[in-house]
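First comes the structure, then the notes that go with it.
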Amino acid sequence: MRSDEDQDRRQFSEYFAARQDVVRRTAYLMCGDWHWADDLTQSAFIRLAAGWHRIRDPQAVDAFVRTCLVRAYLSETRRMWRRRERPVAEPPDVAGADDDAEAATRRVVFARALRQVPPRQRVTLVCRFYQGMDVAETAAVLGCSEGTVKSQTARGLATLREILGDAVTVAAPAWATEEAHDRRGGVVPGGGR
C-alpha cells in the first residue's frame with residue numbers, strides 16, 4: 001500500500017514538473033495577470049492532486065487539469081467581491097539590443113486587447129486557439145453546447161477586431177486570425193458559416 005502512495009506521489013510530481021509552465025501560461029492568457037495565473041494554476045493542481053489516485057486514463061490528465069483551470073477562472077470572475085488589480089505598467093521605451101521589439105509590441109498589444117474581452121469569450125478563445133481544441137472539446141471543458149462555443153468564439157473574435165481596429169493584422173497572433181479560425185471549422189463573423 002505504501003509503495004502505491006509513493007508511486008502516486010512520484011508520478012504526480014513528474015507530471016507537475018512537466019506541465020506547470022504550460023498550465024500557468026494558459027492561465028495567464030485567460031486572466032492577464034501572472035499572480036492570478038499562479039493562483040489559478042495552484043487551484044487546478046490542488047484539485048488534480050486530490051484525485052490523482054483515482055486516475056485511470058493517463059491520457060485524460062491534461063483535459064482534467066484544463067477543465068479545472070477553466071472552471072476556477074470562471075468561478076473567480078463571477079465573484080463580485082474579488083476585484084483584481086489592473087496592471088498599468090507600460091513596456092520600456094527602449095528595447096534591449098537583441099530584443100525583437102516588433103514581436104514584443106505585438107504580444108503586448110494583443111494581451112491588452114485580450115484582457116478587454118469578456119471572461120467567457122476570452123476563455124473560449126484561449127481554449128480554441130491557444131490550446132488548439134476543437135469545438136466539441138471546448139464545449140466539454142466549458143460545460144456548454146457546441147453552439148455556445150461557436151457563438152462565444154465569434155463574439156470574442158469580433159470584440160478583438162473592434163478593440164484592435166486597424167492593428168488587428170499586426171497585433172493578433174496567428175491563432176487569433178480569421179484564417180486560423182476558418183481552418184478549425186468555427187464560425188467566422190460575417191463568414192456565412
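Values below: all heavy atoms of this structure, side chains included; hydrogens, waters and symmetry mates excluded. As the structure is a prediction and not an experimental result, all values here were calculated from the model.
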Rounded to the nearest 0.5 Å, how far does CE of Met133 lie from CZ of Arg128? 9.5 Å
Under 3.5 Å donor-acceptor, Thr148 side chain and Cys144 backbone: no
Sequence neighbours excluded, the answer for salt bridge (Lys or Arg N to Asp or Glu O under 4.0 Å) partners of Arg71 is none
Quick one: CD on Gln121 to OG1 on Thr159, what's the gap to the nearest 0.5 Å? 4.5 Å
Nearest 0.5 Å please: distance from the CG atom of Leu29 over to the CZ atom of Arg115. 10.5 Å
Could you check if a side-chain atom of Val70 sits within less than 4.5 angstrom of a side-chain atom of Cys127, using non-hydrogen atoms only? yes
Under 4.0 Å between a Lys/Arg side-chain N and an Asp/Glu carboxylate O for Lys150 and Glu146? no
I need the Gln131 CD to Leu69 CG distance, nearest 0.5 Å. 8.0 Å
Could you check if a side-chain atom of Asp39 sits within less than 4.5 angstrom of a side-chain atom of Trp34, using non-hydrogen atoms only? no
For Asp38, all residues meeting salt bridge (Lys or Arg N to Asp or Glu O under 4.0 Å), sequence neighbours excluded: Arg24
Would you say the rings of Trp36 and Tyr73 are close, in the sense that their centroids are separated by under 6.0 Å? yes
Any side-chain heavy-atom pair from Thr138 and Val123 closer than 4.5 angstrom? no
Heavy atoms, side chains only, cut-off 4.5 Å: are Thr153 and Phe129 in contact? yes
State the CD-CD distance between Gln20 and Gln42, to the nearest 0.5 angstrom. 10.0 Å
Which is it for Trp52 and Phe45 under the side-chain contact (heavy atoms from CB on, under 4.5 Å) test, yes or no, and what are the steps along the way? CA-CA 10 Å; Trp52 187 263; Phe45 278 111; over 6 Å; no
What's the separation between atom CE in Met30 and atom CZ in Arg25, rounded to the nearest 0.5 Å? 13.0 Å
For the hydrophobic clusters of this structure (ILVMFWY residues joined by side-chain heavy atoms under 4.5 Å, transitively), does one cluster hold both Ile55 and Val65? yes
Full working for side-chain contact (heavy atoms from CB on, under 4.5 Å) between Tyr28 and Asp33: CA-CA 6 Å; Tyr28 175 77; Asp33 176 356; 5.5 Å; no
Given the rule in the side-chain contact (heavy atoms from CB on, under 4.5 Å) test, do Val109 and Arg106 qualify, once you have shown the distances and angles that lead to the verdict? CA-CA 5 Å; Val109 168; Arg106 280 195 309 265; 5.9 Å; no
Okay, side chain of Arg122, backbone of Val117: is any donor-acceptor separation there less than 3.5 Å? yes
Residue pair Leu142, Thr67: steps toward the side-chain contact (heavy atoms from CB on, under 4.5 Å) verdict: CA-CA 7 Å; Leu142 296 177; Thr67 299; over 6 Å; no
Using every non-hydrogen atom in the two residues, find where Ser43 and Ala72 come nearest and quote the distance to one decimal. CB-CB, 4.3 Å
